[in-house]
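Inspection log for the structure reproduced underneath, given as structure tokens.
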Amino acid sequence: MSEPLIALRQTWPEEFVQRYRQAGYWRGETFPGFLRERVGRYSERTAIVDHEKRWTYAQLGERAETVASGLLALGLQRGDRVVVQIGNVAEFYGVAFGLFLAGMIPVYALPAHRITEISHFVRKSQASAYVAQQQYGGFDYRTLARELLAREPALKQVVISGDAAEFAALQDFKHDAARLSAPDPDPQSVAFLQISGGSTGLSKLIPRTHDDYIYSFRASNEICAITENSRYMVALPAAHNFPMSSPGALGVLYAGGTVVLSRSTAAEDAFALIEREHVTDLGLVPPLALLWAQAAQHTGRDLSSLKVLQVGGAKLTPEAARRVIAGFGCQLQQVFGMAEGLVNYTRLDDGESVVLNTQGRPISPDDEVLVVDDQGQPVPIGQSGYLLTRGPYTIRGYHNDDAANARAFTEDGFYRTGDVVQQSADGYLTVQGRANDHINRAGEKISAEEVEDHLLAHPQVFDAAVVSIPDEYLGERICAFIIVRGEKPRAPVLKAWMRERGVAAFKIPDQIVFVDAFENTAVGKTSRKQLRARLRGEFLDAQNAPAVHSSNHPVT
Ligand code: OOB
């Protein structure tokens with residue numbers, strides 16, 4: 001029999017390990033322990049509501065054990081990485097906890113990801129298996145799985161929920177207690193890999209440990225007043241860090257509350273669910289919060305159970321915050337977080353000015369925050385600078401990516417968030433903008449470089465520069481400036497080209513602008529970053545000066 005793979009271990013220097021343990025942040029809890037304890041304590045309470053289906057804590061525990069036995073029966077082993085692509089259905093948690101019980105490491109993909117991204121996650125994590133649904137949001141993941149097997153020969157298993165066709169069927173897994181005698185994992189080992197928002201090139205993998213992640217939602221529960229009476233709705237993708245742990249579904253399950261899943265982001269669908277399930281807490285990105293706030297003013301549904309509406313993932317301006325409060329009439333909490341770790345919240349007893357104008361302050365007294373200038377020197381309180389951070393739940397490095405680590409972490413272990421912020425004397429942060437060339441499109445983070453690479457692969461594209469453009473609804477939209485080679489392709493053709501390459505739809509440019517040339521200085525003298533900044537500036541200037549506008553920028 002081959003040796004099982006050793007679970008990945010994330011490294012904080014020993015001095016920090018001691019500090020975080022002594023402070024009581026890291027308590028040696030693990031996901032299998034968390035599940036068993038809650039199943040015992042809350043057994044008959046409702047853990048998850050998914051459409052007409054309701055799982056008690058006992059049923060969630062049973063399902064997780066069945067998934068774990070089935071994966072082990074397929075020959076997968078402890079320490080194996082498994083890419084999971086499941087939408088907002090109860091099975092998402094069945095599979096996640098099943099993997100934890102089996103000692104395997106989920107790699108969380110979003111339902112919107114396509115073959116290009118999934119292939120990258122499989123390769124980067126050296127995954128042994130891929131678990132997906134037959135169908136979600138109108139897309140058939142079995143087609144993706146077939147292509148994946150052809151591209152990634154090292155992938156050993158595909159497991160499908162629903163009609164599995166030639167693949168292993170999740171529903172056919174059998175509960176087998178004999179397979180479930182595994183020892184608990186080391187609390188400091190990696191529990192799962194999250195996907196980064198991708199500031200340069202392809203997404204990086206974020207290793208989170210049992211100790212650090214459990215601390216982040218346990219502490220979030222206290223800040224957000226989550227109790228066993230909380231009924232939290234997941235409307236954003238369940239695999240995203242915000243609805244997973246800030247305090248998210250995991251926080252709510254930790255507290256013995258109920259997770260209510262919404263597959264739809266349409267306001268009226270969600271409102272019906274809020275009314276039916278008496279939802280108390282809910283997390284949204286700014287564009288959805290604004291749309292729902294507007295819809296809430298005319299709905300016939302009773303939304304009075306809502307206590308706290310959290311908004312995060314992208315900047316909520318003070319004016320937008322006002323509209324959200326007026327629309328919902330419940331408490332607003334701003335959440336500024338990142339899958340790499342640091343999460344900031346406005347507190348439930350903060351005054352209105354703080355809630356409207358800031359993105360909150362860190363969870364932990366041991367979250368170290370530096371706001372620095374271009375030279376890495378701290379700026380005075382109240383001035384803008386780059387946000388660097390380290391702490392008890394912020395990673396010290398990406399998984400298997402030395403080049404990214406050299407860029408993204410300082411020598412003494414601070415993570416360069418890429419965000420430009422101001423910090424107030426009492427530690428509250430206000431997000432001003434961003435140093436990196438990524439686009440925050442309604443909370444989805446898109447790397448300009450990655451989109452450029454796809455466009456450059458088109459035979460009629462000579463060069464491409466991709467930038468963010470402020471957008472009333474999305475916050476930012478993706479705009480691609482293109483210099484053509486030979487005949488000019490139509491913009492829809494380029495968009496279809498990206499779709500056919502199998503990338504997530506949210507990465508496809510919203511707007512394509514054809515230009516004759518990029519450079520007015522000698523080629524090579526301008527960095528991509530400067531080029532993007534210049535094109536963006538010129539475009540926005542042209543928009544504000546309509547006379548110059550239309551001739552040079554045929555907008556699609
Ligand atoms: C959350 O996580 P990610 O990993 O998708 O994105 C992190 C980035 C931050 O670095 C920042 O650029 C932006 O998203 N961001 C915000 C923000 N919240 C996130 N920018 C302005 N205002 C905010 N409130 O997006 C995430 C993870 C956990 C909780 C909440 C959000």
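Just so you know, ligand 1 is whichever comes first in the structure, and atom 1 is the first atom listed for that ligand. Keep in mind it's a predicted model, so treat the numbers as computed, not measured.
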(Q) Does the Lys NZ or Arg CZ of R396 fall within the cation-pi geometry relative to F16 - under 6.0 Å from the ring centre and within 45° of the axis? (A) yes
**Q.** Pairwise side-chain contact, P470 with L540, heavy-atom cut-off 4.5 Å (strictly under)
**A.** yes
Q. Side chain or backbone of V431 under 4.0 Å from ligand 1, or both, or neither, by non-hydrogen atoms?
A. side chain
Q) Please state which protein non-hydrogen atom is closest to atom 6 (O) of ligand 1 and give its distance, to 0.1 Å? A) K445 NZ, 3.0 Å
**Q.** Closest protein heavy atom to atom 12 (O) of ligand 1, given as residue, atom name and distance to 0.1 Å
**A.** D419 OD1, 2.5 Å
Q) If hydrogens are left out, which of M244, E444, Q432, K315 has an atom nearest to atom 21 (C) of ligand 1, that is, the closest non-hydrogen atom? A) K315
Q) Going by heavy atoms, is R434 under 4.0 Å from ligand 1? A) no
Q. Within a strict 4.5 Å, meaning less than it, do heavy atoms of the Y108 and N241 side chains meet?
A. no
Q.
So for ligand 1, is F242 a polar contact partner (N or O within less than 3.5 Å, distance only)?
A. no
Q. Would you say D373's side chain and Q375's backbone share a donor-acceptor pair under 3.5 angstrom?
A. yes
Q) What part of Q359, side chain, backbone, both or neither, has a heavy atom within less than 4.0 angstrom of ligand 1? A) side chain
Q | Numbered atoms of ligand 1 (with element) below 4.0 Å of N241, judged on heavy atoms | A | 27 (C), 28 (C)
Q.
Please list the nearest protein heavy atom to atom 18 (N) of ligand 1 with its residue and the distance rounded to 0.1 Å.
A. G313 N, 3.0 Å
Q: Check the side chains of Y25 and D211 for a donor-acceptor pair under 3.5 angstrom, ignoring hydrogens and angles.
A: no
Q: With heavy atoms of V335 as the reference, note each atom of ligand 1 found under 4.0 Å away.
A: 18 (N), 23 (C), 24 (N), 29 (C), 30 (C)
Q | Q334 and V311, any side-chain heavy atoms less than 4.5 Å apart | A | no
Q | Nearest-contact summary for atom 4 (O) of ligand 1 - protein heavy atom, Å | A | A339 N, 3.0 Å
Q) In terms of the angle between their ring planes, are W26 and W12 parallel, tilted or perpendicular, with boundaries placed at 30° and 60°? A) perpendicular
Q. Who gets closest to atom 27 (C) of ligand 1 by heavy atom: G418, G337, G475?
A. G337
**Q.** ligand 1-proximal atoms of A314, by part, heavy-atom distance under 4.0 Å
**A.** backbone
Q) Which one holds for Q334 and ligand 1: side chain close, backbone close, both close, or neither close, with close meaning a heavy atom under 4.0 Å? A) neither
Q | Ion pair K507/E450, N-O distance below 4.0 Å | A | yes
**Q.** Salt-bridge criterion met for E538 and R534 (N-O under 4.0 Å)
**A.** yes
Q: Output yes when the distance from some N or O of ligand 1 to some N or O of G312 is under 3.5 Å, and no in every other case.
A: no
Q: Give a yes/no on ligand 1: does H240 have at least one heavy atom closer than 4.0 angstrom to it?
A: yes
Q. Taking distance alone, with no angle check, do S246 and ligand 1 share an N/O pair under 3.5 Å?
A. no
Q: Identify whether the distance between the nearest side-chain nitrogen and carboxylate oxygen of R528 and D437 falls below 4.0 Å.
A: no
Q. Any sub-3.5 Å donor-acceptor pair from T280's side-chain atoms to S230's backbone N or O?
A. no
